[in-house]
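Below is one structure, written out as structure tokens, with a few remarks after it.
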Amino acid sequence: MRPDIPEELERLLLGMLDKEPERRLDASQVYEALLPWVYRQAAANTTQAEFDPGQPFRRPFGGPPKRVMSAVYAPTKIVPVPGDAEEVAAPAPLTDQEADQVSDVAARLAQDGKFAPAADLLADAINRAEDTVLHDDLVFSLAQVKFLAGAHRQAADHFEEAGVAYAARYGAEEEQARLCGNFAAQCRVALGESTAAIEAFHAYTVNEPDPADAEAVDRYLDALVNLTRLQAARERFSEAVAAAEELREAARRLRGPDAPELSDVDGFVARLGRFTGRASTSPAPQQTSPGV
């Protein structure tokens, strides 16, 4: 479109637009490449001694310098980079030992509240992880850091990615895969996505945990509590009562007839009965707690 544009300027523009960020010219190179054109303009203009685009920043109150411009100037030579230039060497694959070290350091950083450095460290390790087991474990660790940092959208995506990978490798009933689903559901709650959270908690509570695994039992019962709360918050009182009764039966099976959750659940079901016309099937508790 502009055949009068010098070839040097065209090469400069192409260098600035290179698809590979590493090969693009930086600001200083562009400045040095353009400066000869400024000097040529100055040589043809007798009213001003220098046209330096950086002058307002170097001498904001000085005005044009009074010196005589040098007649000799050695511009920066722009060397076009061929398209098939050798790429930067790829980083070495991550080893098991390095993965363990990265996980330990990231955990310490997260404990100190330094979530951004921890996430960056894990993301770099994930990019180097060629072993799928290492990759998935690091993604899970990154999801935990994002969760602690309050970045629930990113955390949910990472938990779901890791959960799919664990389920494909070990089966959907494997505890690590289910743990990812539980965390992803909590992220959806934090994001205010109640429908997605209900679906995720429903999927998590399909399989009961091993009664001997106290932590897994706690997570399972907490998931049922969240289901009850979410259904009640959406004014789906019948579904909320059903979820509460399921929670009550699960607490009895997994923690025995004296489980502390039972009185809370019974009180909650009794309060919901005012909206549904249903009464609790268990004796009314003598004292209820607003905790549920």
Side-chain angles (χ1 to χ4, degrees), residues 106-107 110 115 118-119 122 126 135-255 259-261 264-265 268-269 272 290-292:
F115 301 115
L122 288 167
I126 290 170
H135 177 276
D136 298 337
D137 289 344
L138 290 168
V139 169
F140 179 76
S141 296
L142 178 59
Q144 290 179 304
V145 170
K146 293 292 186 180
F147 183 85
L148 293 173
H152 295 108
R153 178 75 61 191
Q154 298 176 15
D157 292 341
H158 292 313
F159 278 127
E160 290 171 355
E161 177 187 351
V164 169
Y166 287 137
R169 183 177 301 113
Y170 306 116
E173 298 182 4
E174 196 272 336
E175 186 58 31
Q176 192 72 1
R178 299 182 69 248
L179 182 61
C180 290
N182 184 282
F183 275 117
Q186 294 182 49
C187 291
R188 299 303 176 190
V189 172
L191 293 168
E193 300 174 354
S194 57
T195 300
I198 289 172
E199 292 176 355
F201 280 125
H202 268 307
Y204 179 76
T205 55
V206 168
N207 300 306
E208 272 199 10
D210 180 358
D213 189 339
E215 292 184 357
V217 169
D218 288 342
R219 288 194 295 268
Y220 180 80
L221 295 178
D222 285 343
L224 291 174
V225 169
N226 277 295
L227 272 175
T228 305
R229 289 172 172 168
L230 288 167
Q231 297 287 19
R234 300 187 69 182
E235 298 185 356
R236 294 180 175 179
F237 300 118
S238 297
E239 290 87 343
V241 169
E245 291 178 346
E246 183 181 357
L247 169 61
R248 179 171 53 204
E249 295 305 315
R252 283 176 175 168
R253 288 193 306 272
L254 297 171
R255 287 186 172 166
E261 295 89 354
D264 292 338
V265 173
F268 184 73
V269 172
L272 284 178
V292 178

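Bear in mind the structure is a predicted one, so any value in this text is a computation, not a measurement.
In terms of heavy-atom proximity, Ala197 sits nearest to Ala185 at CB-O, 3.9 Å. Pairing each heavy atom of Ala119 with each of Val145, the nearest pair is N-CG1, 4.1 Å. Between Cys187 and Ala155, the closest heavy-atom pair is SG-CB, 3.8 Å. Across all non-hydrogen atoms, the minimal contact from Leu224 to Ala250 is CD1-CB, 3.7 Å. When every heavy atom of Ala177 is checked against every heavy atom of Gly163, the shortest pair comes out as CB-O, 4.0 Å. A pairwise comparison of heavy atoms in Ala223 and Thr205 identifies CB-CG2, 3.7 Å as the closest pair.
With contacts defined as side-chain heavy-atom distances shorter than 4.5 Å, the pair Gln186/Phe201 qualifies. For the pair Leu142 and Gln154, the minimum side-chain heavy-atom distance is 4.5 Å or more. A heavy-atom distance below 4.5 Å is not found between the side chains of Glu161 and Asp157. Proximity of Tyr220 to Arg178: side-chain heavy atoms (C-beta onward) are separated by under 4.5 Å at one or more points. Using a 4.5 Å cut-off on side-chain heavy atoms (C-beta onward), Arg229 and Val225 make contact.
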Dump the intermediate steps for side chain to side chain contact (heavy atoms under 4.5 Å, CB included) on Leu179 and Tyr166, then the final yes or no. CA-CA 10 Å; Leu179 182 61; Tyr166 287 137; over 6 Å; no

Would Glu246 and Glu249 count as a side chain to side chain contact (heavy atoms under 4.5 Å, CB included) here? Give the steps. CA-CA 5 Å; Glu246 183 181 357; Glu249 295 305 315; 5.9 Å; no

Check step by step if side chain to side chain contact (heavy atoms under 4.5 Å, CB included) holds for Phe115 and Lys146. CA-CA 7 Å; Phe115 301 115; Lys146 293 292 186 180; over 6 Å; no

Applying side chain to side chain contact (heavy atoms under 4.5 Å, CB included) to Glu215 and Glu175, what does each step give before you reach the verdict? CA-CA 11 Å; Glu215 292 184 357; Glu175 186 58 31; over 6 Å; no

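Atoms CG and CG, from Asp210 and Leu254 in turn, are 9.5 Å apart once rounded to the nearest 0.5 Å. Atom CD of Gln176 and atom CG of Asp137 lie 7.0 Å apart (nearest 0.5 Å). Atoms CG and CZ, from Asn226 and Arg219 in turn, are 13.5 Å apart once rounded to the nearest 0.5 Å. Taking CD of Glu199 as the start and OG of Ser194 as the end, the distance is 10.0 Å to the nearest 0.5 Å. Rounded to the nearest 0.5 angstrom, Leu221 CG and Arg253 CZ are separated by 9.5 Å. How far CG of Asp136 is from NE2 of His158: 13.0 Å, rounded to the nearest 0.5 Å.
In this structure, the ring of Phe147 has its center less than 6.0 angstrom from the ring center of His152.
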